[in-house]
2 protein chains.
Amino acid sequence: MRVLGIDPGLTRCGVGVVEGVPGRLGRLVAYTVVRSEPDEDIAQRLLHLDRSLAALVAEHQPESVAVERVFSQHNARTVMGTAQASGVAILAGARAGLPVQTYTPSEVKAAVTGSGTADKAQVTSMVTRLLKLDAPPKPADAADAIAIAICHIWRGGTRARLQAAAQAAAVSAARSAARRSSR
Amino acid sequence: MRVLGIDPGLTRCGVGVVEGVPGRLGRLVAYTVVRSEPDEDIAQRLLHLDRSLAALVAEHQPESVAVERVFSQHNARTVMGTAQASGVAILAGARAGLPVQTYTPSEVKAAVTGSGTADKAQVTSMVTRLLKLDAPPKPADAADAIAIAICHIWRGGTRARLQAAAQAAAVSAARSAARRSSR
């Protein structure tokens, strides 16, 4: 499974591509930060983000896209731009025909560090360890995007196990019913 | 000048196309509301909005796009979705190569009613009167989008006058300089 994780932002938007299967992380394929200047026109900034994300999806051919959810209690001065960037990020996945999943910041932190209240340094440190990198990815926005992709791979595993369990239960129930009716 | 105004929203996104020149409003070309269901997947909702706006731009061939600005003090439960929709709306104009302008709600209200604190009913009533419509546009989201387009046409007038004044001043300064140097 190859996942493209996005930490949305207007000035800096982190992108990380990770390969792996639930329970076993593979390798870090690529990471980057898409930037734009705060004094640029908002339409040109969103267009630049849209084109950059479309190019990254085309280059790395992920099977799914994971985007961090934005909350209104974040920095009020920048939250609207971040939300607009997240709309464009989600759209980039949808326009490529890929499944898009969103995760809260605490889901992402918990997935990589075990704690939903971990700080940036802990997230970066765990991302470095989990993917066996020689050095921590820089800047931090990229580390967060990589963490989002890791979260998706692991949560995909949980979902897959839940689906398998539900299927097994359904099969077992059908067998019991078949046994009862054949008596 | 033909302007496509957008009142961004995820559940209901108003769109109004108005023709006119600064100082003289023309006609209401078209209006509609793009809808999606709150229980639908966010990626599919943004994709539907993106495709609908692209189709409306292609159909009505506006020369510019005007979008209402979203503020964080709005309804906190829906503001993130509205901001994401506004990102997609601004992007729709930019992707079509059109100039995109954003206006605050009070700029729009002031442009059509003379008061930045006018209510929805006043805005609808003035839009109906200014465009000489037989009946008020329904639903109200469409009326707001039409008001945004009207605001852009009138503000465009102000900008055009300011530019003309600046140009005239520059020409006059150049003439004075030429007169001084020929003495």
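What's counted below: heavy atoms across the whole structure, side chains too, no hydrogens, waters or symmetry copies. So you know, we letter chains A, B, ... as the sequences are listed, proteins then strands, and number each from 1.
Interface with chain B: from residues 86-94 of chain A, residues A:S86, A:G87, A:V88, A:I90, A:L91, A:A94 qualify, criterion being any non-hydrogen pair under 4.5 Å. The contact list for residues 54-61 of chain B toward chain A, using heavy atoms and a distance under 4.5 Å, is empty. When the heavy atoms of residues 24-53 of chain B are compared with those of chain A, the residues falling under 4.5 Å are B:D41, B:I42, B:A43, B:L46, B:L47, B:D50, listed by number.
Under a hydrophobic clustering in which Ile, Leu, Val, Met, Phe, Trp and Tyr are joined whenever their side-chain heavy atoms come within less than 4.5 Å, directly or via other members, A:L10 and A:V15 fall into the same cluster. B:V100 and B:M1 are assigned to two separate hydrophobic clusters, defined by single-linkage of ILVMFWY side chains at heavy-atom distances under 4.5 Å. In the hydrophobic clustering of ILVMFWY residues, with side-chain heavy atoms under 4.5 Å counting as a link, B:L98 and B:Y103 come out apart. B:V65 is not connected to B:I150 by any chain of hydrophobic side-chain contacts under 4.5 Å among Ile, Leu, Val, Met, Phe, Trp and Tyr, and they are in different clusters. Note: the hydrophobic cluster containing A:V18 also contains A:V112 (ILVMFWY, side chain heavy atoms under 4.5 Å, direct or indirect links).
By the 6.0 Å contact criterion, CZ on B:R12 is open, its count of non-hydrogen atoms from other residues, nucleotides or ligands being 12 or less.
For the residue pair B:Q84 and A:A83, the shortest heavy atom distance occurs at CG-O, 3.3 Å.
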Check: residues 123-135 of chain B side-chain donor-acceptor pairs under 3.5 Å, at least two apart:
{"from": "B:T124", "atom 1": "OG1", "to": "B:K120", "atom 2": "O", "distance (Å)": "3.0"}
{"from": "B:T128", "atom 1": "OG1", "to": "B:T124", "atom 2": "O", "distance (Å)": "2.6"}

